[in-house]
Protein chains: 2
Amino acid sequence: MVTRKEVAELAGVSEATVSRVFNGLGPMKEETKQRVLEAAKTLNYHPNAIAQSFARRRSGNLGVVLPYVPKVHLFSTYYFSEVLSGIGAKVKEMGYDLLLMFRSQDEESDYNDVFRSQKVDACIILGAADTPRERQQLKKLEEGGHPFCLVNQHFTGERFNEVDADHTAGSYSAVKHLLEKGYSRVAFLNGSSQFSNSGDRRQGYIQAMREAGMEPENLAHLYYEGNYSRTSGYRAAAAVYERRREIDAVFAANDRMAIGLMQGLRELGWEAGRDVAVIGCDNSDAARVTDPPLTSVAVPFYEMGSLAAQRLLEQVNGEPGGFQLKLDTELIIRQSCRKA
Amino acid sequence: MVTRKEVAELAGVSEATVSRVFNGLGPMKEETKQRVLEAAKTLNYHPNAIAQSFARRRSGNLGVVLPYVPKVHLFSTYYFSEVLSGIGAKVKEMGYDLLLMFRSQDEESDYNDVFRSQKVDACIILGAADTPRERQQLKKLEEGGHPFCLVNQHFTGERFNEVDADHTAGSYSAVKHLLEKGYSRVAFLNGSSQFSNSGDRRQGYIQAMREAGMEPENLAHLYYEGNYSRTSGYRAAAAVYERRREIDAVFAANDRMAIGLMQGLRELGWEAGRDVAVIGCDNSDAARVTDPPLTSVAVPFYEMGSLAAQRLLEQVNGEPGGFQLKLDTELIIRQSCRKA
DNA sequence: GTGAAAGCGCTAACAA
DNA sequence: TTGTTAGCGCTTTCAC
């Protein structure tokens with residue numbers, strides 16, 4: 001390994017000067033600088049990042065915390081893939097590295113562990129749920145003075161750094177679209193209520209339905225709950241089909257459930273886009289390849305990841321103030337909701 | 001920050017003893033150990049990973065190098081998602097952390113850059129292509145004495161660490177299946193030839209066809225090449241349809257192309273599973289949700305990632321010998337290739 | 001503008 | 001079984 005010392009010797013300067021040159025600090029004679037750079041080049045010197053981290057007491061890494069999801073190959077979900085891509089691009093742009101941290105099932109471990117080893121300067125938390133335990137852990141993180149940011153999850157009452165999407169507006173526009181097309185008995189297949197965006201979507205749904213003259217208290221028979229998996233959508237199909245005389249459209253809280261639902265309904269003889277309208281959320285790749293293609297609420301996951309990384313790293317670098325961002329969604333219309 | 005020194009003082013031992021306790025090294029009196037552990041607990045001491053890395057001259061990180069793919073949200077592809085999940089699980093199990101490294105378009109950067117900063121002890125390279133430039137860079141990496149492993153790519157003539165799948169056998173079984181079902185004019189939609197697995201699949205295809213009495217030299221009109229994207233499959237549909245009287249089945253080198261192909265053919269009035277049989281590769285999630293569901297060659301990407309990480313880290317930890325592994329594939333039969 | 005020198009928190013070789 | 005000590009390669013303060 002080539003050290004700073006050797007470069008200093010070859011260039012005939014002190015080690016401190018070599019550091020200055022490489023960090024672009026302080027005033028220095030152009031000639032000295034060139035001499036150092038040349039020496040570094042001939043020796044093929046490159047600063048040791050770990051030693052730098054050690055001395056600076058900064059790792060130069062951004063951590064991304066992934067939730068523990070049993071028996072699920074995590075990345076295979078559109079949401080994680082996109083968010084991670086967005087984070088990765090921005091992190092690189094800003095000269096950081098990206099450390100992936102997988103949470104374990106282990107009830108013991110709390111978020112502070114992530115920082116304890118000092119391997120990351122900040123972290124983005126994905127897939128957080130709004131449970132008492134989670135809230136408490138995040139508060140502890142905050143108290144510990146550790147910079148972090150949540151993506152696609154909002155904690156009402158807290159001022160955590162967040163980058164979310166406007167799921168309420170997205171759901172509203174989807175249901176509104178159905179109502180405008182003439183559907184009136186719109187069922188809602190929601191995901192787990194522990195995620196804030198489930199609640200948001202529910203609100204958007206209720207708002208649109210109310211504007212169409214349906215009071216929330218009369219909507220119970222139109223409300224179904226899955227867990228965002230394709231299987232849960234598939235299972236919901238039976239229940240929906242049971243009430244087929246009271247339902248002419250279904251809005252699902254994500255594409256996976258919407259797809260499972262369409263499959264299940266088809267097996268029962270009910271075709272999406274013919275016998276019933278279906279809309280999903282995420283506008284994942286899968287929405288394009290189903291039959292019929294799935295109308296879906298597009299969520300800018302990539303941008304959300306990118307923004308979260310950017311704002312968080314800026315904060316780490318001294319930018320003052322927290323942030324709570326909410327990006328727009330967009331309804332992408334395909335054939336699954338065409339009027340029969 | 002709580003340092004080792006404070007723990008040592010509180011426990012009434014030397015700093016070295018604290019280190020020993022935390023590293024489980026050397027013989028020590030149980031009582032001393034307990035005293036140290038207790039002191040550490042009261043002070044809430046946790047070793048500083050960066051300082052450890054610095055002193056050990058080991059980062060404790062495994063790097064995963066992702067290829068530069070313009071305009072593609074990388075993780076959204078089944079292959080990367082699965083491999084990465086497998087790596088992540090194993091890396092965690094072995095006490096390492098996972099550093100994601102995105103290659104840039106930049107022609108300058110070579111693989112050695114990845115190691116220069118000393119931020120990783122070894123790396124897994126995904127999406128490598130067999131081009132002269134790539135080969136040369138990998139050789140330089142090897143010469144530099146940097147431990148690395150390739151996944152899903154084989155470099156004939158080299159002894160790089162590799163974890164591959166038996167794509168030849170997988171393709172053979174797919175084509176064989178078609179032939180046994182009575183299809184005889186099986187076209188092949190391959191991906192970019194710069195990936196070794198494209199060549200492997202081609203071989204499997206040719207072998208099966210030859211056994212059915214078709215000589216390779218007569219197969220040219222049955223051979224199509226895309227670039228593994230859905231769009232390229234979609235575009236291939238037109239060409240395939242042109243020759244529809246000479247084709248009764250298509251084997252595609254991945255699911256995305258197969259799906260694009262089915263869509264394209266459908267628009268031309270040709271239904272997969274009715275007018276033509278289609279088989280894909282990867283057995284991705286998407287294969288389950290298309291209409292008709294897509295028969296596909298399952299590749300154990302998750303296991304490949306996991307194995308690559310394990311063997312590579314073992315090697316870093318002194319296990320002797322390189323490795324070239326090849327895992328089995330399996331044909332998953334669905335309706336896209338049923339006999340009309 | 002540049003150099004000298006004091007850390008940073010830990011590991012590991014050696015001594016006791 | 002435990003303590004002492006010399007680094008690890010760099011940043012940063014202070015002095016010149």
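Heavy-atom basis, side chains included; hydrogens, waters and symmetry copies ignored. Numbered from 1 within each chain, the chains take letters A, B, ... in sequence-line order.
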Is there aromatic stacking of B:Phe54 on C:dC8 here, judged by a ring-centre distance under 5.5 Å and a plane angle under 30°?
no
Does the D:dG3 base have a donor-acceptor partner in the side chain of B:Arg20 within less than 3.5 Å?
yes
D:dT2 C1' sits how many Å from B:Arg35 CZ, rounded?
11 Å
Taking CD from A:Glu6 and P from D:dG9, how many angstroms apart are they, rounded to a whole number?
9 Å
Could you check which of D:dG3, C:dT2, D:dC10 has an atom nearest any side-chain atom of B:Ser14?
D:dG3
Using a heavy-atom cut-off of 4.0 Å across all strands, would you classify A:Ser53 as base, sugar-phosphate, or nothing?
nothing
For D:dT12, does either OP1 or OP2 sit under 4.0 Å from a side-chain N or O belonging to A:Ser19?
no
Rounded at 0.5 Å granularity, tell me how far CG in B:Asn317 sits from CE in B:Met94.
6.0 Å
Choose from D:dT2, C:dT2, C:dC10 the nucleotide whose nearest atom is closest to any side-chain atom of A:Lys29.
C:dT2
Could you tell me the separation between the CZ atom of A:Arg56 and the P atom of C:dG9, rounded to a whole number of Å?
16 Å
Heavy atoms from C-beta onward define the side chain here; which of C:dG3, C:dA12, D:dT1 lies closest to that of B:Thr32?
D:dT1
Report the distance from atom NZ of A:Lys5 to atom P of C:dA5, rounded to the nearest whole Å.
13 Å
Please classify the nucleic acid contact of B:Phe22 as base, sugar-phosphate, or nothing, using heavy-atom distances under 4.0 Å.
nothing
When the distance from CZ of A:Arg57 to C1' of C:dG7 is rounded to whole Å, what number comes out?
8 Å
By nearest heavy atom, map B:Glu15 and A:Ala55 onto DNA chain D; which one lands nearer the 5' end?
B:Glu15
Are any of the side-chain nitrogens in B:Lys41 or B:Glu38 under 4.0 Å away from the carboxylate oxygens of its partner?
no
Could B:Glu31 and B:Arg35 be called an ion pair, given the rule that one side-chain N must be under 4.0 Å from one carboxylate O?
yes
Closest of D:dG7, D:dT1, D:dC10 to the A:Asn48 side chain is D:dC10
Kindly confirm or rule out a cation-pi arrangement of A:Arg103 over A:Tyr111, judged by NZ or CZ under 6.0 Å from the six-membered ring centre and within 45° of its axis?
yes
Whole-Å gap separating C1' (D:dG9) and OH (A:Tyr45)
8 Å
